[in-house]
Amino acid sequence: MFRKNKDVRSLLKNLKTFYPRPECALHHRTPLELLVATILSAQCTDERVNKVTPALFKKYRTASDYAHSDPTELEGLIRSTGFYRNKAKSIRGMAKLVDEKFGGKIPQTMDELLTLPGVARKTANVTLGVVFKKAEGVVVDTHVSRLSQRLGLSNKTSAEKIEKDLMGQIPKESWIWFSHALIHHGRKICKARNPLCGECPIRKNCPNPALV
């Protein structure tokens with residue numbers, strides 16, 4: 001299933017031509033804001049999250065603010081992101097631990113981040129890569145998962161196994177860039193339904209193009 005090293009290098013080179021500096025789509029100003037936004041992005045589009053967070057970030061500015069927030073009020077502010085009760089519980093739990101154990105500062109290691117409620121590897125990788133510029137893994141969201149399979153980089157279905165496959169093929173210095181590039185490509189071109197293969201700038205690197 002895995003591609004030859006030269007094929008992966010060619011893919012990365014062409015992908016970088018079209019997405020040289022892809023940025024995180026979630027609007028944020030601080031590590032805490034990004035962590036909250038990423039928790040909200042589960043089963044929700046980044047566009048929807050970005051519509052919710054301005055009011056949220058205006059009301060809650062510190063981990064302590066979230067930790068001591070009124071659950072019903074917090075739920076109301078994030079309701080449109082879906083699964084709002086579970087997300088509110090995760091945010092309050094995360095913030096409480098950050099406030100009490102980490103002095104109100106978002107921790108900067110994978111192991112510490114994974115102790116926070118609502119934080120799995122995807123959320124931790126986003127936070128570490130975007131705000132701390134630390135590559136401890138590859139962000140695997142729905143776009144990265146889908147494109148990894150279409151591009152022949154993984155035949156796995158679980159996010160953790162896909163991440164392991166990608167980490168074994170993509171140079172570590174490209175992990176942060178690569179995931180954001182795939183996310184942008186997945187949104188614009190390689191969509192879940194009706195991918196725009198005829199418009200794809202990396203179609204020559206794809207083993208399964210619908211159009212050639």
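The heavy-atom pair separating Ala67 from Ala95 by the smallest distance is N-CB, 3.7 Å. Of all non-hydrogen atoms in Pro22 and Ala181, the two that sit nearest each other are CG-N, 3.6 Å. Contact between Val49 and Cys44 at its shortest, heavy atoms only, is CG2-SG, 3.9 Å. Closest non-hydrogen pair, Gln149 versus Thr157, comes out as NE2-CA, 3.9 Å. What you find for Thr109 and Glu136 is that their closest heavy atoms are CA-OE2, 3.9 Å. Residues Arg150 and Cys190 share a closest heavy-atom pair of NH1-SG, 3.1 Å.
In this structure, Lys101 and Glu112 have side chains that are not in contact, with every pair of non-hydrogen atoms separated by 4.5 Å or more. Contact of the Ile183 side chain with the Leu147 side chain is not registered, since no non-hydrogen atoms from C-beta on lie closer than 4.5 Å. Counting only heavy atoms from C-beta outward, the side chains of Lys89 and Pro71 never approach each other to under 4.5 Å. Side chains of Ile106 and Leu34 form no contact here, defined as non-hydrogen atoms less than 4.5 Å apart. Between Leu32 and Val36 the shortest side-chain heavy-atom distance falls below 4.5 Å. Between Leu166 and Ser148, the closest side-chain pair of non-hydrogen atoms falls below 4.5 Å.
No donor-acceptor pair closer than 3.5 Å links the side chain of Arg48 to the backbone N or O of Thr45. At least one donor-acceptor pair closer than 3.5 Å links the side chain of Lys87 to the backbone N or O of Ala42. Looking at Arg146, its side chain does come within 3.5 Å of a backbone N or O of Gly186 through a donor-acceptor pair. In this structure, the side chain of Ser90 engages the main chain of Asn86 through a donor-acceptor pair within 3.5 Å.
One finds the CD1 atom of Ile202 at 10.0 Å from the SG atom of Cys197 (value rounded to the nearest 0.5 Å). Note that CG of Asp65 is 3.0 Å distant from OG1 of Thr62, once rounded to the nearest 0.5 Å. Summarising the geometry, atom CG belonging to Asp70 is positioned 5.0 Å from atom OG1 belonging to Thr72; distances are rounded to the nearest 0.5 Å. To the nearest 0.5 Å, atom CG of residue Asn50 and atom OG of residue Ser41 are 10.0 Å apart. Note: Thr53 OG1 to Leu26 CG = 8.0 Å, rounded to the nearest 0.5 Å. Rounding to the nearest 0.5 Å gives a distance of 9.0 Å between CG of Leu182 and CG of Asp141.
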Sequence neighbours left out, cut at 3.5 Å: what donor-acceptor pairs do the side chains of residues 74-85 make with other protein atoms?
unit_1: Arg79; atom_1: NH1; unit_2: Tyr84; atom_2: OH; d: 2.8
unit_1: Thr81; atom_1: OG1; unit_2: Ile78; atom_2: O; d: 2.7

What pairs of donor and acceptor atoms, side-chain ones from residues 10-18 against any protein atom, are under 3.5 angstrom apart with sequence neighbours left out?
unit_1: Ser10; atom_1: OG; unit_2: Asn205; atom_2: ND2; d: 3.0
unit_1: Asn14; atom_1: ND2; unit_2: Ser10; atom_2: O; d: 3.4
unit_1: Asn14; atom_1: ND2; unit_2: Asn205; atom_2: OD1; d: 2.8
unit_1: Thr17; atom_1: OG1; unit_2: Lys13; atom_2: O; d: 3.1

Could you pull out every donor-acceptor pair under 3.5 Å between side chains of residues 123-134 and any protein atom, sequence neighbours left out?
unit_1: Asn125; atom_1: OD1; unit_2: Gly137; atom_2: N; d: 3.3
unit_1: Asn125; atom_1: ND2; unit_2: Arg121; atom_2: O; d: 3.2
unit_1: Asn125; atom_1: ND2; unit_2: Val138; atom_2: O; d: 3.3
unit_1: Asn125; atom_1: ND2; unit_2: Glu163; atom_2: OE2; d: 3.0
unit_1: Thr127; atom_1: OG1; unit_2: Thr123; atom_2: O; d: 3.0
unit_1: Lys133; atom_1: NZ; unit_2: Val130; atom_2: O; d: 3.0
unit_1: Lys134; atom_1: NZ; unit_2: Gln108; atom_2: O; d: 3.1

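Evaluation of the ring-ring contact (aromatic ring centres under 6.0 Å, His included) test over residues 151-191, restricted to residues two or more places apart or in two chains, returns Tyr19-His185. Applying the ring-ring contact (aromatic ring centres under 6.0 Å, His included) test to residues at least two apart or on different chains, the pairs with a partner in residues 46-75 are Tyr60-Tyr66. Here salt bridge (Lys or Arg N to Asp or Glu O under 4.0 Å) pairs that include residues 26-39, with residues two or more places apart or in two chains, are Arg29-Glu33.
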For a side chain to side chain contact (heavy atoms under 4.5 Å, CB included) check, start with the C-alpha distance between Ser154 and Lys161, then their side-chain angles and the critical distance, and finish with the verdict.
CA-CA 8 Å; Ser154 178; Lys161 290 181 179 180; over 6 Å; no

Go through the steps to decide whether Asp165 and Lys156 satisfy the test salt bridge (charged side-chain N to carboxylate O under 4.0 Å, His left out), and finish with yes or no.
CA-CA 8 Å; Asp165 285 346; Lys156 307 299 193 304; 3.3 Å; yes

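The environment of CG in Asn194 is sparse: at most 12 heavy-atom neighbours from other residues, nucleotides or ligands sit within 6.0 Å. Annotation for Glu173: atom CD counts as buried by contact number, over 12 foreign heavy atoms lying within 6.0 Å.
Connection of Met167 to Ile176 is not established within any shared hydrophobic cluster, with ILVMFWY side chains joined at heavy-atom distances below 4.5 Å, either directly or through further cluster members. Note on Leu40: it clusters hydrophobically with Val98, by side-chain heavy-atom contacts below 4.5 Å among ILVMFWY residues.
Ionic pairing of Glu160 and Lys164 is not present here: no N-O contact between side-chain nitrogen and carboxylate oxygen is shorter than 4.0 angstrom.
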